[in-house]
Each structure stands twice: as structure tokens, then as C-alpha cells.
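Just so it is clear, the structure is predicted and the values come from calculations on it, not from any experiment.
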Amino acid sequence: MIRRISLATDLSQEGAPAFRAALALAVACKSRLDILHVSSRGEQPAWENFPQVRSTLEAWGLLPPGSRQEDVEPLLGVGITKVTIHGRDPASGIADFVAKHTPDLLVAASHGRAETGWWSGGSVAMEAMRLADLPSLLFGPLARDMADPATGALALRSVLMPVTDTPPPRAALGRLHLLLDPRPLDLHPVHVAASARTEDEVRAVFPEAARLEGEVVPALLQAADRVAPDLIAMPTARHKGLLGALRGSTTEKVLRAAPCAVLALPS
């Protein structure tokens with residue numbers, strides 16, 4: 001289960017879907033939520049421009065109007081902390097915090113819809129994910145909300161997951177269930193075939209997996225259009241396998257066009 005979440009943000013409105021997803025997940029799991037912002041030395045972060053936790057929870061009907069900050073944890077079982085990290089480049093600052101506080105999940109907008117600020121282009125979120133080496137829920141520019149903006153209701157049931165032999169498909173499935181347990185999942189595995197041996201290994205775990213034909217990224221995005229999943233879960237291995245380790249162009253291409261959030265699951 002998810003017991004602690006780190007949300008990395010540049011405090012822009014473009015990161016609102018990631019904020020709502022992180023907050024809704026924290027409420028659903030009764031987990032701790034750390035909202036991280038890395039600022040330049042001497043910069044004062046504009047927290048007032050970012051969606052506010054209590055007003056959002058009040059709008060969702062989870063807190064009574066006029067609630068105080070100290071009411072959130074007793075009423076909802078969620079501890080929320082805002083953290084400003086000074087003096088480091090954003091990705092390293094986030095990775096250092098994650099290494100010290102060991103969250104179960106990192107959440108971020110991979111790049112803002114308005115290509116401005118240090119978060120633009122996706123490089124910071126991707127590098128933070130690489131350095132942190134933990135499950136990362138990433139929202140690209142076309143990703144729809146996972147949490148209903150009006151109610152906070154989570155859409156997290158239908159999952160599209162590409163699988164190959166590296167990392168082992170059984171391990172990838174176990175990691176997904178371990179993270180999202182006890183939520184029921186409607187899993188749609190798709191097979192990224194590299195060889196006959198690969199196909200045998202995948203079919204032993206996912207006999208119903210649909211096979212992807214052609215280039216991986218376009219084929220995966222076409223599958224996402226057919227299935228309309230709430231989430232694309234991508235197993236990763238350390239610089240191995242057809243999907244790589246979600247360390248480069250494959251991930252960024254998927255994120256750039258994915259209609260939903262992408263969950264990176266490192267082995």
C-alpha cells in the first residue's frame with residue numbers, strides 16, 4: 001500500500017492534475033503527503049498561486065467549511081507537509097529528499113502545458129524519477145485528470161501495462177499489485193515481443209496479453225486509444241530490456257502523447 005507520497009511541483013497551475021491525484025491518493029490510502037518545491041537560492045516560493053489543500057478538500061466535501069490546518073490529519077488521517085528545498089538543482093534536490101524520507105510514490109507533472117520555468121520540457125521530472133528510482137506517477141501534457149476536480153473521486157481501475165521478459169513479467173505484476181493493493185484492477189497487458197523465448201515467458205503469466213505490432217511507442221499509444229485506461233503502468237529495469245529503464249526517449253515520447261498518467265515501476 002501507499003503510505004507516503006512525495007509530490008514534486010513547480011507551483012504552476014499546469015501541475016494541478018498531479019496535485020489532485022496525489023491528494024486524492026493520500027486521502028484514499030490515509031498516507032502522508034509531502035509537497036516539494038525546489039527554489040533558487042533567495043527565491044520566495046509562490047505557494048499562494050498553487051491549489052490549496054484545505055480549500056480543495058472542502059470543495060470535495062471531505063472537510064467542513066472554514067477548517068483549520070490542524071484539522072486535516074485528525075479528520076482524514078492524512079499528514080500533509082509543504083517543503084521548500086533551496087540551493088540545489090531541482091532533480092537532485094527532489095532525489096535527496098526522497099532518499100532521506102523514503103516515500104512509496106513520487107508524483108509529478110512531467111512538463112507544464114505552458115513551456116516555462118525550470119520544470120518545462122519534462123527533463124526535471126524525468127531526471128528526478130531516474131535519480132529517485134522509486135515508483136513514479138507522471139502526468140504528461142495530454143493526460144486527463146485521475147481525480148475528479150469537483151469531487152476528488154479517483155479513476156484508478158483500468159490499467160494498460162506493456163510487458164516483456166525484462167523485467168520478469170511476474171515481478172512487474174507483483175509490484176503493481178503491491179503498490180495499488182487493495183484497489184481492484186482491470187488489467188490490460190500488452191506484449192512487447194522481442195523473441196520466441198520472450199513470448200513464452202510473458203504468455204506463462206499473461207496468456208491473454210495482446211501482442212503489440214510495429215514500433216513500441218506508436219503501438220502502445222494505439223492500444224491506449226482502444227482501451228482508454230485510467231493509467232499506463234510501465235515496468236522498468238536498470239538499463240535493460242526492450243522498454244529500457246524508462247530513462248530516455250521511449251518514456252518521454254509516451255508521456256508526451258499519453259491520454260492518461262504513466263506509472264513507472266522500477267524493478
Side-chain angles (χ1 to χ4, degrees), residues 7-8 14-15 17-18 21-22 91 105-113 115 119-146 155-167 169 171-173 175-176 179-180 185-194 198 202 206 209-267:
L7 168 66
E14 287 77 21
L105 182 68
L106 174 67
V107 181
S110 67
H111 50 81
R113 289 158 177 80
E115 297 287 329
W119 203 255
S120 66
S123 59
V124 172
M126 293 297 296
E127 181 67 5
M129 183 199 79
R130 185 186 70 79
L131 293 172
D133 198 30
L134 82 160
S136 300
L137 183 63
L138 302 175
F139 286 78
L142 302 181
R144 58 182 171 269
D145 264 287
M146 179 180 288
L156 187 52
R157 182 178 180 90
S158 177
V159 179
L160 177 69
M161 185 166 74
V163 288
T164 185
D165 61 330
T166 305
L173 180 63
R175 188 69 185 268
L176 179 66
L179 185 67
L180 297 182
L185 296 179
D186 182 13
L187 186 64
H188 300 271
V190 290
H191 177 209
V192 181
T198 295
V202 171
F206 299 107
R211 179 167 178 159
L212 293 185
E213 301 292 347
E215 294 185 25
V216 173
V217 173
L220 180 57
L221 293 173
Q222 288 173 8
D225 287 339
R226 291 194 304 270
V227 173
D230 301 315
L231 182 70
I232 299 175
M234 297 187 69
T236 73
R238 292 179 182 273
H239 305 286
K240 296 179 181 179
L242 188 58
L243 294 181
L246 290 191
R247 300 300 199 241
S249 61
T250 298
T251 304
E252 298 202 36
K253 288 177 182 176
V254 171
L255 279 169
R256 202 172 297 134
C260 58
V262 173
L263 175 65
L265 289 169
S267 60

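Each of H191, M161, H188 was compared with F206 under the side-chain contact (heavy atoms from CB on, under 4.5 Å) criterion, and only M161 meets it.
For P235 against A233, the heavy-atom pair with the smallest separation is CD-O, 3.5 Å. The heavy-atom pair separating L134 from P266 by the smallest distance is C-CG, 3.6 Å. Across S136 and L105, no two heavy atoms sit closer than the pair N-CD1, 4.1 Å. Shortest non-hydrogen contact noted between A257 and L221 is CB-CD1, 3.6 Å. The minimum heavy-atom distance between A172 and L265, with the atom names listed, is O-CD1, 4.4 Å. Of all non-hydrogen atoms in T164 and P169, the two that sit nearest each other are O-CD, 3.5 Å.
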Test log, rule side-chain contact (heavy atoms from CB on, under 4.5 Å), inputs L263 and V159: CA-CA 10 Å; L263 175 65; V159 179; over 6 Å; no

Worked verdict on L176 versus L187 for side-chain contact (heavy atoms from CB on, under 4.5 Å): CA-CA 10 Å; L176 179 66; L187 186 64; 3.8 Å; yes

L231 vs L137, side-chain contact (heavy atoms from CB on, under 4.5 Å): CA-CA, chis, key distance, verdict: CA-CA 9 Å; L231 182 70; L137 183 63; 3.5 Å; yes

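Between V163 and L173, every side-chain heavy-atom pair lies at or beyond the 4.5 Å cut-off. Counting heavy atoms from C-beta on, the side chains of C260 and R144 come closer than 4.5 Å.
Side-chain N or O atoms of S158 include none that pairs as donor or acceptor with a backbone N or O of L156 at under 3.5 Å.
The distance from the CG atom of D145 to the CG atom of D230 is 12.0 Å, given to the nearest 0.5 Å.
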